[in-house]
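Below: one structure, written as structure tokens.
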Amino acid sequence: MDEISKQPTIERPPVGDVSQYPEQSAEGPIVIANEFADVVIRKVETRNGMRLDIWSPRRGSRILLDAVALDCLTFQEPELISELLERRPAP
Amino acid sequence: MNTKPESQSLAAWVEETREGIDSGRFPARAFNDQAVYDLEQERLFSKTWCFLAHESEIPHPGDYVTRYIGNNNLIVARDEHGEIHASLNMCRHRGNVMCKAEMGNASHFRCSYHGWTYKNSGELVGVPYMKEGYEGRLKRKDWGLVRVRVDSYEGLVFGCLDPEAPPLDEYLGGFQFYLDLYLKHGLGGVEVHGPPDHWIADTDWKICTENFAGDGYHTPVAHQWGFHLGYFPSSGSTHSQGWAVSIPGKGHGIGLGHGPNFPPFGGFPDDLVAEMKQSLSPEQVAVFSRTRTAVGSVFPNLSFLMQPFSLEPGEIGVRFVTMRLYHPVGPGRMEMYSWCLVPKNASQEYKKEAYRAYTLAFGQAGTFEQDDFENWTKVTQAAGMTMVRDVDFPYIMGMDSAPDPEFPGPGHAVVPYVNDTNFRNLWSRWADYLAGEA
């Protein structure tokens, strides 16, 4: 509860916003899900290029990755993801 | 369901049972009794190598299935580097179930209670509010998922809860020769054809293990329709022909049924037969080429069956392989897991035909399967009756049989196929475990 307005509030993570989720995109959505998490993925056209949009409906968080970011992911060890989860596993 | 009589201790009953097996007797009570079930959990399933999964069920990094050893639910997962691990399916924080789905793919498992997160290899990596809550006292390396020892043979992944138990190779003790008859179908080996069918049955797991350790005796009776209608290429008058082979002191056994007119490798496509002659040793080829039905059990609760089934009466039909696991869930109650194995290198057409033959004969709606469970459920019910607690069954077929000197494989091979030798070996090993002397 918001102490001043006494209205219920929800926690929004600092990254991404559901309202900004693109209604029109080049390709997608693709849902990648297992019993622990689910994300919605689209290819998004920008004015001058393209990005991969990964959106987490449960968290409301979102990241837009360009080719350089994605390329750099391809040569990481799986342990990098473990390190990221170590930093913030949940919520 | 019975409880043990107060007048006789369970230990004394186990000793009497061991003595009875030597003279060809085995008590009905073993098949439906709370105390016997509890002792199996404590002394047998906690010590033996138990089947978990076929490697082709978890072919890619992150693939996992959940399975059981005794009453322990386990995650069997292939980690990001391709190595297979088995871990207790329980969060180390407060004991919640980690993987609720029975199969899936995940790089990490995250508990739905407080969010503890583990690598799929079982190491703890993520603890919410680590700094704020634990103030440096929690060492992640001390709180990984509880690990279970694993080992594999030709794609079969086994787990063992006893760190002191001998290695899997020693445990199988030569039975690998016979497992190859199911697993080396071509140079690429075999793969599962889809996930297992599984269902609960009011049947004791041991009845199934015994039946699949080579009970050719029941086939012309329980599955009579298959003979009469021509779907199963054997004859009641010759069905006793073949070998019964057991691995003494290990509990494993296999029945190798012959038919006088059954062609070598009948029911397999020619190109696959050519590959099998390369993947199997000359001794294995000598055994395999004469075999129509191979029905074997790996102690304690894993079985295989290879047999032909024809949609056209009178034809040889298609050879299929089923693998089954009998997971005990209570006295006289089990969960059956049934897979169809197909040769990886076979054509899609043959895989489809073999799977069709399997589903017609086995799996929940299979005709042979229904014949069997009708009988096994009744046996289990009978074993729970109070008057039956002191009743023994005869296991005296082949008591005086000498091993066949011509037989080219390992173990104790006798003729005919219709024989109790494999079962005496099975019960003897079972009783060793229950006596704590395995």
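Just so we're on the same page: letters track the sequence lines, and every chain starts at 1.
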**Message:** Applying ring pair (Phe, Tyr, Trp, His ring centres under 6.0 Å) as the test, list every pair that has at least one member in residues 66-91 of chain A; sequence neighbours left out.
**Reply:** none

**Message:** Using the side-chain contact (heavy atoms from CB on, under 4.5 Å) criterion, which residues pair with Leu64(A)? Sequence neighbours excluded.
**Reply:** Val44(A), Arg51(A), Asp53(A), Arg62(A)

**Message:** In the structure I gave you, are the side-chain heavy atoms of Cys111(B) and Phe36(A) within less than 4.5 Å of one another anywhere?
**Reply:** no

**Asked** Which heavy atom in Ala90(A) sits nearest to a heavy atom in Pro128(B), and how many Å separate them?
**Response** O-CB, 3.2 Å

Check: every donor-acceptor pair under 3.5 Å linking chain A and chain B:
from: Asn34(A); atom 1: ND2; to: Asn105(B); atom 2: O; distance (Å): 3.0
from: Glu35(A); atom 1: OE1; to: Lys100(B); atom 2: N; distance (Å): 2.6
from: Glu35(A); atom 1: OE1; to: Ala101(B); atom 2: N; distance (Å): 3.0
from: Glu35(A); atom 1: OE2; to: Tyr64(B); atom 2: OH; distance (Å): 2.5
from: Glu35(A); atom 1: OE2; to: Ala101(B); atom 2: N; distance (Å): 3.3
from: Phe36(A); atom 1: O; to: Arg110(B); atom 2: NH2; distance (Å): 3.2
from: Glu79(A); atom 1: OE2; to: His81(B); atom 2: NE2; distance (Å): 3.0
from: Ser82(A); atom 1: OG; to: His108(B); atom 2: NE2; distance (Å): 2.7
from: Glu86(A); atom 1: OE2; to: Arg140(B); atom 2: NH1; distance (Å): 3.4
from: Pro89(A); atom 1: O; to: Arg110(B); atom 2: NH1; distance (Å): 2.8

**Message:** Can you tell me if Ile200(B) has over 12 outside heavy atoms packed within less than 6.0 Å of its CD1?
**Reply:** yes

